[in-house]
Structure formats: C-alpha cells, structure tokens
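Worth saying up front: this structure is predicted, and the values here are computed from it rather than measured. Counting starts at 1 for both ligands and their atoms, in listed order.
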Amino acid sequence: MSGELVLVHRDAALLAQAAAARLLTALADAQAARGTAHLVLTGGRNGNALLAALAAHPARDAVDWAHVDLWWGDERYLPAGDPDRNAVQAAAFLDAVRPLGARVHEMPPADGGTPAEAAADRYAADLAAAAAPGAQLPVFDVLLLGVGPDAHVASLFPGHPGTERTDATVIAVHDSPKPPPTRLSLTLPALHHARQVWLLAAGEDKADAVALARTSPGAATAPAGAVHGTERTLWLLDEAAVGKPA
Ligand SMILES: O=C(O)[C@H](O)[C@@H](O)[C@H](O)[C@H](O)COP(=O)(O)O
C-alpha cells in the first residue's frame, strides 16, 4: 500500500498555488531521476486552477518542459475547440509550455462521425506507443484527479459500468451523470499506473465525497477512494472539504 498523505489548505486559491509549487518539485525530481516526466492532467475547477497557477509560477521553468509528456485522465467527447473540453480549458497552461517543447497528448475530439469507442482505442494506442516495450502504459510520475461531489474521479462514476472495466486502458463513457454525457476516460487499472496519485477537492460540496472516499468503501461506491499511487497518494484539500465525520 503506498504512503497516503492528507494536506489541508485554507482555501481553494491557496490549494491551487501550493499544489502547483509541489508539482513543479515533483516533476523536477522525476526528471532528475529519469530524465523525463509523465504528468496526467484532470479537468474541473480545481484541476484548471492548479494549471493556471502552474503557468504563472515563478519557478515554472525549473522543469525542463521539453522532457515532459502531458496526458489527460479524461476528456469530454466534444468537437475540437469546444469550450467544455478539458484541453480547451487548459489552454493558457498549454500555450505556456508547448513553445517550451512539452509533448501534449490531447484525447481525440469528436469529429461528428467517429464513435467514442474508436477515439478511446486511439488514445490507448498513443499511450502504448509511449510505454516501455511490452507495456501498455507509460509509468505516470504524477496523476492529478479532481474529485466530484459523488466521489467520482476522471470519468469513473459510482455505480457506472465504466468504473468496473479492467479490459482496457481507455474507455468511452456514455450516460455520464456529469454533463456532457459522452466522455473518454482512463480506467481504474490505468490510473494505478502512477507513482503518485494526487486527489484535489475544495469546497464544502466535496466534504461528503471526501469523507466517504477516505473510508475506502470500494470503487463502485466511491471511485476516489479506490485510486492509489504505487509510491504515494496525496489528498490535496481545502478546509471546506474537510471536517465531515465519516
Ligand atoms: O472532466 C471532468 O469533469 C473532470 O475530469 C472531472 O473528473 C472533475 O475533475 C471532477 O468532476 C471535479 O470537478 P470540479 O473540480 O470542477 O468539482
């Protein structure tokens, strides 16, 4: 079982700044150890706030972005440029690091004809191409996950069939309880290919989900409580998201 750590910050803004500083150090450490870093991004308010803080951080370029691979844990299956796509919401950060050489692996957008299943397979192939020989996934150094009010992570929702999938690394998710209804998501086994999993939750609307997840009731009930890094699992919270007894 990896080491689990809970860090609580005063509010969502400080959480984003502190997590960005921590992430820069984690990426620099990964590059010092292995020469490269694989970072998995998440959508949602806290994920996007972290990326905005990262883009503006004075120590941003302590990371050699030319040796960073950026992936997504999930994506809304919408046309390219749609403002609801996670990659579009991360544009300010991507516009800052792409010129520095970051390898940005966006999940495929909907093109009006390709089924989401085919797009999921394409991303799985992209991941496999970046993996060690014989592996299906690169080892992710840090995998970021926003936590939903129902304790979902990525696009793996409680009681949803996609959360139980173990036969693929990337799946299409239909009938998502969180709009839009069609998404692409890494599966739970794929999320476990991370050295560090960082779970981000801020606001009192997340307190129930955090309290439930931390009792580890299983992925079907609380996917956020079922994801762990092989080396470390961090809960990055603000005060409003803490304090509800389990
Ligand atoms: O595509 C998405 O919607 C996200 O990847 C999703 O998993 C998100 O991280 C959580 O729903 C938390 O979102 P908030 O931080 O906005 O509450």
Please determine whether any non-hydrogen atom of Ala154 lies less than 4.0 Å from an atom of ligand 1. yes

For ligand 1, which is the ligand I care about here, please tell me if Ser155 has any N or O atom under 3.5 Å from one of the ligand's N or O atoms. no

Is it true that a side-chain atom of Arg103 and a backbone atom of Ala66 form a donor plus acceptor pair closer than 3.5 Å? yes

Assess whether a salt bridge exists between Glu239 and Arg10, defined as any Lys/Arg side-chain N lying under 4.0 Å from an Asp/Glu carboxylate O. no

So which bit of Asn46 gets within less than 4.0 Å of ligand 1, heavy atoms only: side chain, backbone, both or neither? both

What atoms in ligand 1 come closer than 4.0 Å to a heavy atom of Lys206? 14 (P), 15 (O), 17 (O)

N/O to N/O below 3.5 Å, does that happen between Leu145 and ligand 1? no

Mind checking whether Gly44 has an N or O less than 3.5 Å away from an N or O of ligand 1? no

I need the full list of salt bridge (Lys or Arg N to Asp or Glu O under 4.0 Å) pairs touching residues 11-24, with sequence neighbours left out, sorted by first then second residue. none

Short side-chain to backbone donor-acceptor contact, Asp238 and His9, under 3.5 Å: no

Should the pair Arg98-Glu106 be classified as a salt bridge under the 4.0 Å nitrogen-to-oxygen rule? yes

Judged by atom type as modelled, is there a donor-acceptor pair below 3.5 Å linking the side chain of Arg165 to the main-chain atoms of Thr187? no

At less than 4.0 angstrom from any non-hydrogen atom of Arg76, what atoms of ligand 1 do you find? 1 (O), 2 (C), 3 (O)

Does any N or O in the side chain of Thr215 come within less than 3.5 Å of the main-chain N or O of Leu212, such that one atom is a donor and the other an acceptor? yes

Ligand 1 to His152, heavy atom cutoff 4.0 Å, flagged ligand atoms 6 (C), 7 (O), 10 (C), 11 (O)

So which protein heavy atom does atom 12 (C) of ligand 1 come closest to, and at what separation? Val147 O, 3.6 Å

Protein heavy-atom partner closest to atom 14 (P) of ligand 1 - residue, atom, separation in Å: Arg45 N, 3.5 Å

Atoms of ligand 1 close to Lys178 [distance to a heavy atom under 4.0 angstrom, numbered from 1]: 2 (C), 3 (O), 6 (C), 8 (C), 10 (C), 11 (O), 13 (O)

Starting from atom 5 (O) of ligand 1, find the nearest protein heavy-atom neighbour and note its residue, name and distance. Asp74 OD1, 2.6 Å

Between the side chain of Asp150 and the main-chain N/O of Phe157, is any donor-acceptor distance below 3.5 Å? no

What I want to find out is whether Arg232 reaches Asp141 closely enough, with some N-O distance under 4.0 Å, to be called a salt bridge. no

Residue, atom and distance of the protein heavy atom nearest atom 9 (O) of ligand 1 read Gly43 O, 2.8 Å

How about Trp65 and Phe93: are their ring centres within less than 6.0 Å of each other? yes

For Asn86, take its heavy atoms, then give the atoms of ligand 1 lying under 4.0 Å from any of them. 1 (O)

Give the atoms of ligand 1, by number and element, whose distance to some non-hydrogen atom of Thr42 is under 4.0 Å. 5 (O), 9 (O)

